[in-house]
S.K.: 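Structure in structure tokens, see below.
Atom set for the values below is all heavy atoms of this structure, side chains included, hydrogens, waters and symmetry mates excluded. A quick note: this is a predicted structure, and the numbers were derived from the prediction, not measured.
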Amino acid sequence: MLLEPLDLAVFIGYCLLIVGMGLFVSREKEGHIKDSKDYFLASKALPWWAVGASLIASNISAEQFIGMSGSGFAMGLAISTYEWMAAATLVVVAIFFLPVYLKKGIYTMPGFLLDRYDTRVRTTMAIFWLLLYVFVNLTSVLYLGALSLNTILNVPMTYGILGLALFSMVYSIYGGLKAVAWTDVVQVVFLIAGGLSTTYIALQIVGDGSAWDGLGLLRKEVPGHFSMILSKGEMMISDGKGGTRDAYLDLPGISVLVGGMWITNLSYWGFNQYITQRALAAKNLDEAQKGMIFAGFLKLLMPLIVVIPGIAAWVIVKNDIDPGFIASMNDPVTGLIKSDRAYPTLLQILPTGLKGLAFAALTAAIVSSLASMANSTSTIFTMDIYKQYIDKDASETKQVRVGRLSALIAFVVAAIVAPALGSLDQAFQFIQEYTGFVSPGVFAIFFFGVFWKKTTSNAALTAAILTIPLSTVLKFSLPNLPFLDRMGVVFLVISALIILISLYEGKGKDHPNSIEINRELFKTSTTFKIGAILISGITAALYIIFW
């Protein structure tokens with residue numbers, strides 16, 4: 001047991017606060033029965049700061065704390081491109097896609113596809129998303145969270161998975177999005193405070209007592225870990241099996257900036273249910289857009305919290321600063337240094353009190369994401385599968401009941417599958433790659449659906465059906481093609497098919513469900529414009545500095 005009494009008190013206090021707050025905000029006024037809008041869209045009452053905080057708490061999870069720190073350990077600051085480009089992506093989504101969604105009054109992303117195309121497209125993508133959320137997202141977050149518990153407290157992986165799933169279920173299944181979103185406001189405070197504490201202590205260790213000296217020493221000791229644009233053969237990293245592979249396969253140079261990274265970011269931030277659901281629950285469009293700007297600023301900060309500690313861990317191992325640290329980095333099964341053990345190992349060497357805070361931050365990131373993913377999984381299943389095919393006349397009360405049951409089933413399935421990820425060295429890259437099997441088709445369907453009136457339903461359905469087969473064929477026929485480049489190729493092929501099929505089938509006419517685009521739709525407030533300019537400028541400056 002590596003947590004001292006003070007650490008345990010901090011952590012237990014955090015757990016009680018989250019569960020208590022989740023149950024408190026889930027209460028309904030006397031005489032009011034929770035309906036689908038209450039459960040799935042938090043009564044459409046979230047202010048901008050709650051939207052932004054919930055976006056970040058839902059996004060930052062073990063995937064980032066454990067997975068991205070592991071990638072920082074392996075390949076350095078280059079992995080930060082996911083965070084910094086996400087900040088710019090949030091601006092794009094807020095301007096060009098959010099207004100369309102809110103005008104349509106949708107509950108889910110498949111619901112938009114029904115409105116723009118037809119039932120076939122909606123159902124196909126709903127099934128894809130359900131499989132992705134359960135077998136990739138929920139599963140990987142449970143595994144990475146359990147890995148941290150195993151490294152820090154020596155909790156067996158099975159118990160860790162079950163414990164995290166139960167903690168997430170306690171308040172999220174009963175309260176729905178309202179409980180998830182409002183507890184996220186508290187979660188993000190723990191997340192940032194605890195994360196910065198870990199970074200500060202890690203840099204102090206490297207800098208022999210001075211965090212500032214430690215930051216300077218990182219750049220001096222491992223300059224290659226501060227390169228944002230990787231060249232082929234520039235950095236060889238562990239493959240998790242005792243060999244090495246080229247980091248270029250994960251982050252293929254300049255094409256990161258102009259290729260597949262845009263597809264994965266726009267698909268995630270613009271068309272991903274458990275992200276967009278927060279914006280759909282905002283009081284109005286202005287609050288939703290300001291919330292996304294707030295989230296964008298927090299994303300710019302994230303590499304300091306989740307990547308720099310991984311680089312610091314690399315220097316600690318490289319310079320043999322702490323033999324016990326190196327021993328903890330070794331995988332107990334393979335005996336090899338495992339990148340994803342970097343962050344949990346750092347937590348072990350924090351001073352008493354801060355260790356509890358940092359552990360609470362990590363747990364906050366894990367359970368908030370689990371709760372968000374499960375809630376969105378239940379939303380899609382209830383609104384796009386159950387109500388569409390099983391019980392079209394389901395009452396509001398029954399929809400809420402089905403939502404709770406489907407969230408429970410999603411947790412159970414993910415908990416059963418999670419242990420299978422134990423052989424991975426960098427789970428973050430696993431998540432990105434296999435999400436990327438679906439992303440090109442998702443991006444194409446939404447992009448053409450919003451901005452090209454001639455896009456037909458059959459063209460969109462073709463894109464939905466072919467995105468996974470095309471990605472699979474390219475993965476195995478061109479194994480040396482970086483997966484981000486593969487996403488770009490698949491997107492171009494699918495886009496060409498959409499254009500050809502739409503022109504042939506529609507004979508040049510607009511689709512009857514096409515969206516009317518005008519300048520009035522994309523008008524934004526002065527506050528939003530200022531924030532968007534600042535985020536764009538800071539993002540560009542960061543790339544120039546670390547090119």
S.K.: CZ of R278 to CG of N59: how many Å apart, nearest 0.5 Å?
M.R.: 10.5 Å

S.K.: Ignoring hydrogens and geometry, is there a side-chain-to-backbone donor-acceptor pair from H225 to F73 under 3.5 Å?
M.R.: yes

S.K.: Under the criterion ring-ring contact (aromatic ring centres under 6.0 Å, His included), which of Y117, F271, W269 is the partner of F446?
M.R.: F271

S.K.: Got a second to check how far I205's CD1 is from L350's CG, nearest 0.5 Å?
M.R.: 7.0 Å

S.K.: Report the C-alpha distance between V317 and M329 in whole Å, list the side-chain angles of each, state the deciding distance to 0.1 Å, and finish with yes or no for side-chain contact (heavy atoms from CB on, under 4.5 Å).
M.R.: CA-CA 9 Å; V317 171; M329 286 288 299; 4.2 Å; yes

S.K.: Taking side chain to side chain contact (heavy atoms under 4.5 Å, CB included) as the test, write out the residues that go with F451, two or more places apart.
M.R.: F96, F97, F447, F522

S.K.: Would T462 and I498 count as a side-chain contact (heavy atoms from CB on, under 4.5 Å) here? Give the steps.
M.R.: CA-CA 8 Å; T462 301; I498 287 176; over 6 Å; no

S.K.: Are T198 and Y343 close enough that a side-chain donor and a side-chain acceptor fall under 3.5 Å?
M.R.: yes

S.K.: Inspect the surroundings of CH2 in W129 and state if more than 12 heavy atoms from other residues, nucleotides or ligands are less than 6.0 Å away.
M.R.: yes

S.K.: Looking only at non-hydrogen atoms, find the nearest pair between T456 and S502 and report the distance.
M.R.: N-OG, 3.2 Å

S.K.: So which heavy atom on A295 is nearest to which on L55, and how close?
M.R.: CB-CD1, 3.9 Å

S.K.: Which heavy atom in A78 sits nearest to a heavy atom in M228, and how many Å separate them?
M.R.: CB-O, 3.8 Å

S.K.: Measuring only between side-chain heavy atoms, which start at C-beta, is L370 closer than 4.5 Å to F411?
M.R.: yes

S.K.: Who pairs with T119 by side chain to side chain donor-acceptor pair (under 3.5 Å), at least two apart in sequence or on another chain?
M.R.: none

S.K.: Rounded at 0.5 Å granularity, tell me how far CG in L162 sits from CD1 in I416.
M.R.: 9.5 Å

S.K.: Any luck finding a side-chain donor-acceptor pair between D213 and Q204 under 3.5 Å?
M.R.: no

S.K.: When you compare the side chains of T379 and Q273, does any donor N or O come within less than 3.5 Å of an acceptor on the partner?
M.R.: no

S.K.: Given 3.5 Å as the limit, does a donor-acceptor pair link the side chain of S80 with the main chain of L77, or not?
M.R.: yes

S.K.: So, S267 side chain and V442 main chain: donor-acceptor pair closer than 3.5 Å or not?
M.R.: no

S.K.: Within this structure, what is the CD1-CG distance for the pair I263 and L266, rounded to the nearest 0.5 Å?
M.R.: 9.0 Å

S.K.: Between S227 and G224 (side chain of the first, backbone of the second, donor and acceptor by atom type, cut-off under 3.5 Å), is there such a pair?
M.R.: no

S.K.: With a 4.5 Å cut-off on side-chain heavy atoms, are K299 and I60 touching?
M.R.: yes

S.K.: Can you list everything that forms a side chain to side chain contact (heavy atoms under 4.5 Å, CB included) with L492? Sequence neighbours excluded, please.
M.R.: none

S.K.: Applying side-chain contact (heavy atoms from CB on, under 4.5 Å) to F381 and I409, what does each step give before you reach the verdict?
M.R.: CA-CA 11 Å; F381 177 80; I409 293 172; over 6 Å; no

S.K.: I'd like to know if the side chain of S378 reaches the main chain of N375, judged simply by a donor and an acceptor atom lying under 3.5 Å from each other, with no hydrogens or angles considered.
M.R.: yes

S.K.: Decide side-chain contact (heavy atoms from CB on, under 4.5 Å) for M68 and V307; before the verdict, give the C-alpha distance in whole Å, the side-chain angles of both, and the deciding distance to 0.1 Å.
M.R.: CA-CA 6 Å; M68 192 167 278; V307 178; 3.7 Å; yes

S.K.: Who passes side chain to side chain contact (heavy atoms under 4.5 Å, CB included) against T276, sequence neighbours left out?
M.R.: Y101, M109

S.K.: Indicate yes or no: at least one non-hydrogen side-chain atom of L90 is less than 4.5 angstrom from one of I293.
M.R.: no

S.K.: Side chains of I106 and L114: closer than 4.5 Å at any heavy-atom pair?
M.R.: no

S.K.: Donor-acceptor pairs are to be reported for all side-chain atoms of residues 479-487 against protein atoms at under 3.5 Å, with residues two or more places apart or in another chain.
M.R.:
{"unit_1": "D485", "atom_1": "OD1", "unit_2": "S255", "atom_2": "OG", "d": "2.7"}
{"unit_1": "R486", "atom_1": "NH2", "unit_2": "E433", "atom_2": "OE2", "d": "3.2"}

S.K.: Scan for salt bridge (charged side-chain N to carboxylate O under 4.0 Å, His left out) pairs involving residues 436-463, sequence neighbours excluded, and state none if there are none.
M.R.: K453-E516, K454-D510

S.K.: Indicate yes or no for a side-chain donor-acceptor contact from N265 to the backbone of M85 under 3.5 Å, with no hydrogens or angles considered.
M.R.: no

S.K.: As an exercise, state the distance from CD of E83 to CG of L542, rounded to the nearest 0.5 Å.
M.R.: 12.0 Å

S.K.: May I have all residue pairs that pass salt bridge (charged side-chain N to carboxylate O under 4.0 Å, His left out) and include part of residues 260-269, sequence neighbours excluded?
M.R.: none

S.K.: With no hydrogens and no angle check, just 3.5 Å: does a side-chain donor-acceptor pair link H511 and T455?
M.R.: no

S.K.: Looking at side-chain heavy atoms only, is the closest gap between R219 and F546 below 4.5 Å?
M.R.: yes

S.K.: So, taking the atom named CG in L346 and the one named CD1 in I316, what distance separates them when rounded to the nearest 0.5 Å?
M.R.: 5.5 Å

S.K.: Which atom pair, heavy atoms only, marks the closest approach of Y248 to S231?
M.R.: CD1-C, 3.6 Å

S.K.: In chain order, what residues pass the salt bridge (charged side-chain N to carboxylate O under 4.0 Å, His left out) check against K232, with sequence neighbours excluded?
M.R.: none

S.K.: Is the number of heavy atoms from other residues, nucleotides or ligands within 6.0 Å of OH (Y200) greater than 12?
M.R.: no

S.K.: Has the side chain of Q187 got a donor or acceptor atom that lies under 3.5 Å from a matching backbone atom of D184?
M.R.: no

S.K.: Hey, mind stepping through Y268 and S439 against side chain to side chain donor-acceptor pair (under 3.5 Å) and telling me if it holds?
M.R.: CA-CA 8 Å; Y268 181 88; S439 297; over 6 Å; no

S.K.: State, yes or no, whether a side-chain contact exists between P419 and I161 at a heavy-atom distance under 4.5 Å.
M.R.: yes

S.K.: Tell me if a side-chain donor or acceptor on W84 pairs with a main-chain N or O of Y543 at a distance below 3.5 Å.
M.R.: no

S.K.: Could you work out, with salt bridge (charged side-chain N to carboxylate O under 4.0 Å, His left out) as the rule, every residue matching R116, not counting sequence neighbours?
M.R.: none

S.K.: Can you name the residues that form a salt bridge (charged side-chain N to carboxylate O under 4.0 Å, His left out) with D118, not counting sequence neighbours?
M.R.: R120

S.K.: Closest approach of G111 and D384, non-hydrogen atoms and distance?
M.R.: N-OD1, 3.6 Å

S.K.: E221: which residues meet the salt bridge (charged side-chain N to carboxylate O under 4.0 Å, His left out) condition with it, sequence neighbours left out?
M.R.: K318

S.K.: For residues Y159 and N150, is any side-chain donor paired with an opposing acceptor at under 3.5 Å?
M.R.: no

S.K.: If only atom types and distance count, is the side chain of T467 paired as donor or acceptor with the main-chain N or O of A463 below 3.5 Å?
M.R.: no

S.K.: Less than 4.5 Å apart, any side-chain heavy atom of Y143 and any of T139?
M.R.: no

S.K.: What residues, two or more places apart in sequence or in another chain, satisfy side chain to side chain contact (heavy atoms under 4.5 Å, CB included) together with I192?
M.R.: V188, L196, L298, L301, M302, I305

S.K.: Check whether any side-chain heavy atom of L251 sits under 4.5 Å from a side-chain heavy atom of M75, and report yes or no.
M.R.: yes

